[in-house]
Amino acid sequence: MKLAYYPGCSLDGSAVEYGLSTERVARILGVELKEIDDWNCCGATAGHNTDKLLSLALPARNLALAEKEGLDVLAPCAACYNRFKATEHAVREDAGLKARIEYIIDMSYSASNNTISVLEWIKRLGIDNLKAKVTNSLKGMKAACYYGCLLVRPSSHTGFDDPENPQSMDEIIKALGAETVDWAYKTECCGAALATSRPEIGGKMIYEILQNVKEAGAECIVTACPLCMMNLDMRQGQVEKRFSQGFNIPVYYVTELVAVACGDDPKTVGIHKHFVEAVSYLKGLPAKAKAMEEEEAKAKPAAKTKRAEGEKPSDNSEDIQKKIDAILKGLEKNPEKVVSKLIEDGEKVNILADVIKNDEKKRVKLAEVMAQDKEKAIKVAEALIVGEMKKREKSSN
Amino acid sequence: MEAVTRIGPLTEDDRRLIEKLEKEAGTDINLCYQCGKCSAGCPVSFAMDYTPRQVIRLLQLGLIDEALGAESIWICATCETCSERCPRGVDIASLMDTLRREALRRGKVADKKVALFNKAFLNTVKKYGRSYEAGILLYHNLSTRQFFKDAELGLPMMKRGKASPFPEKIKGRDEMAKIFARALEAGRE
Ligand code: SF4
Ligand code: SF4
């Protein structure tokens, strides 16, 4: 796999560790990243708060440069990712806007390539593939996976995970051997720039997230966004002072943990640069894991073999691939019939059938979830229908 | 907050302005049936003068100045929760964005600090092609006279190599100048 790489300004600044670890993960998973030549800032919040056209043109210049080389774009920063997705969407949906954007950037750009986030990227490369690369299991870690806003919303742009209860980061972290907790704030907003502009508001938002992490019994937080990292890590001390409560919760980028679990030293990927000391929690994991294993061995010597047998069929990736192929065939031949297994309403069935007829990516995506998790497949189906209905509503106005 | 009410139909001018805002936001405010789901999920509604539902109601009633002057639109963090959840498909986040831009165009900004920050940010991008966290923070704190706010974080960031004392510059800086100029020009059409 070869991807265009858009680090964005944060990865050169406050999020150096995110940049270092993303590059390491690419190495480990055998992906070639080609940094977009002479890339420019996406304009971030300041852009879309100020001028709509500018906020689309700034990302478009980068996307057009990657499109010229026929490459999809990896954008690790969730804020850049959000702006890139918004630009793709605008260019695909609105021919008038497309023409104006092309005039402004003085390049042709038709959004034939796609921006992907770090989560989608690692998932696409295969969870089993990742598992096979783990040499230093993170067993003993109890993590709260924090998705925040922009990786999963708006789902009509992002579309790769459930916007209310996303799972991709949990799957990645579990593949590294860690345990993840269920918690209520996984997609709540960290307040973004409010921590700077309106600290009385932003501070409270950060406090509530940290509090919920504690209540859920997690010992660390995992994120894929430099802004979330800044608020939860750099400002944790400020929040502790203001609310007179100690948290001391280490925060990691998902890529840092992948690199460490695949054998990197925490310092190689910059974990010692965090504000809340985060190296010693990692160093303490092997001892914890050993204690856990001893416990497990003592408790149920018989249960272990049973579980191993029970896991076999679902763990076999070849079987799943076969199942996906079969469903995919069905979706191509007779989409209405296959999707009616998920959705009852006849009109909705037709809408969904239309969507997957015209969009191979969505078809494959649906087949993949159908093969593995029906509940989730229903959710994905509903999200696709809602997205399509919104789109139709817009174009009929 | 004063209670605001309005009785009677919208004026022609109001209608035209609302249509323009709706078009820019790509959404239809009359779809909203005031269920309040957006406000229930909004993580900052606790700090707002008008909740997201109320902002939409103001627009439905043609109370456009009220909506543009609301502090809420500057508190909104663009987290997209409201738009994701609205059962009627109203894109509230995009509307908030549009209202901020309209307020800016009219020089009617309820939170000057945010507007100043945005301006500083975009000036850096225009000049260098990159944003520059450390420089912007400094400029922002000077221009809003909060000299020591966040100073406790600046030095540790530098020490960790997380903030460089100089901005990065791209080669295509003249392209940047052109993009800014053309965006302005195309926006006027
Ligand atoms: S959720 Fe939608 S319909 Fe309900 S009040 Fe908000 S905008 Fe209106
Ligand atoms: S986008 Fe703005 S208004 Fe909507 S939920 Fe988020 S903060 Fe609230």
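A note on names: the letters A, B, ... follow the listed sequences, proteins ahead of strands, and every chain is numbered from 1.
Within the 4.5 angstrom heavy-atom criterion, only side-chain atoms of A:M205, from C-beta onward, approach chain B. Only the side chain of A:L150 comes within contact range of chain B, with heavy atoms under 4.5 Å apart. When heavy atoms are compared at a cutoff of 4.5 Å, A:L194 approaches chain B solely by way of its side chain, counted from C-beta outward. For A:D37, the part lying near chain B is the side chain, with the backbone staying farther off; criterion is any non-hydrogen pair under 4.5 Å. With a threshold of 4.5 angstrom between heavy atoms, A:E164 approaches chain B through side-chain atoms but not through N, CA, C or O. For A:E200, no part lies near chain B; criterion is any non-hydrogen pair under 4.5 Å. For A:P154, the parts sitting under 4.5 Å from any heavy atom of chain B are the backbone and the side chain alike.
Using a 4.0 Å cut-off between charged side-chain N and carboxylate O, B:E185 and A:R100 make no salt bridge.
Heavy atoms only, all atoms of each residue included: B:F121 and A:A46 are closest at CD2-CB, 3.6 Å.
Taking 4.5 Å as the limit, some side-chain heavy atom of A:L58 sits within range of a side-chain heavy atom of B:M176. Annotation: side chain of B:S131 is in contact with side chain of A:C9 (closest heavy-atom distance under 4.5 Å). Two residues are said to be in side-chain contact when any heavy atoms from C-beta on lie closer than 4.5 Å; B:F46 and A:I201 meet this criterion. Side-chain contact check for B:E175 versus A:N40: every heavy-atom pair is 4.5 Å or farther apart. Contact check for B:Y128 versus A:C41: no side-chain heavy atoms found under the 4.5 Å cut-off. Counting only heavy atoms from C-beta outward, the side chains of A:W39 and B:R130 approach each other to under 4.5 Å. Side-chain contact between A:H274 and B:R160: absent, with no pair of heavy atoms (C-beta onward) separated by less than 4.5 Å.
Residues of residues 94-102 of chain B that come closer than 4.5 Å to chain A, counting heavy atoms only, are B:D97, B:R100, B:R101, ordered by residue number.
A donor-acceptor pair under 3.5 Å is absent between the side-chain atoms of B:R182 and the main chain of A:I105, judged by distance alone. Put simply, the side chain of A:D38 gets close to the backbone of B:K171: a donor and an acceptor are under 3.5 Å apart. With hydrogens and angles ignored, the 3.5 Å screen pairs a side-chain donor or acceptor of A:K52 with a backbone N or O of B:E24.
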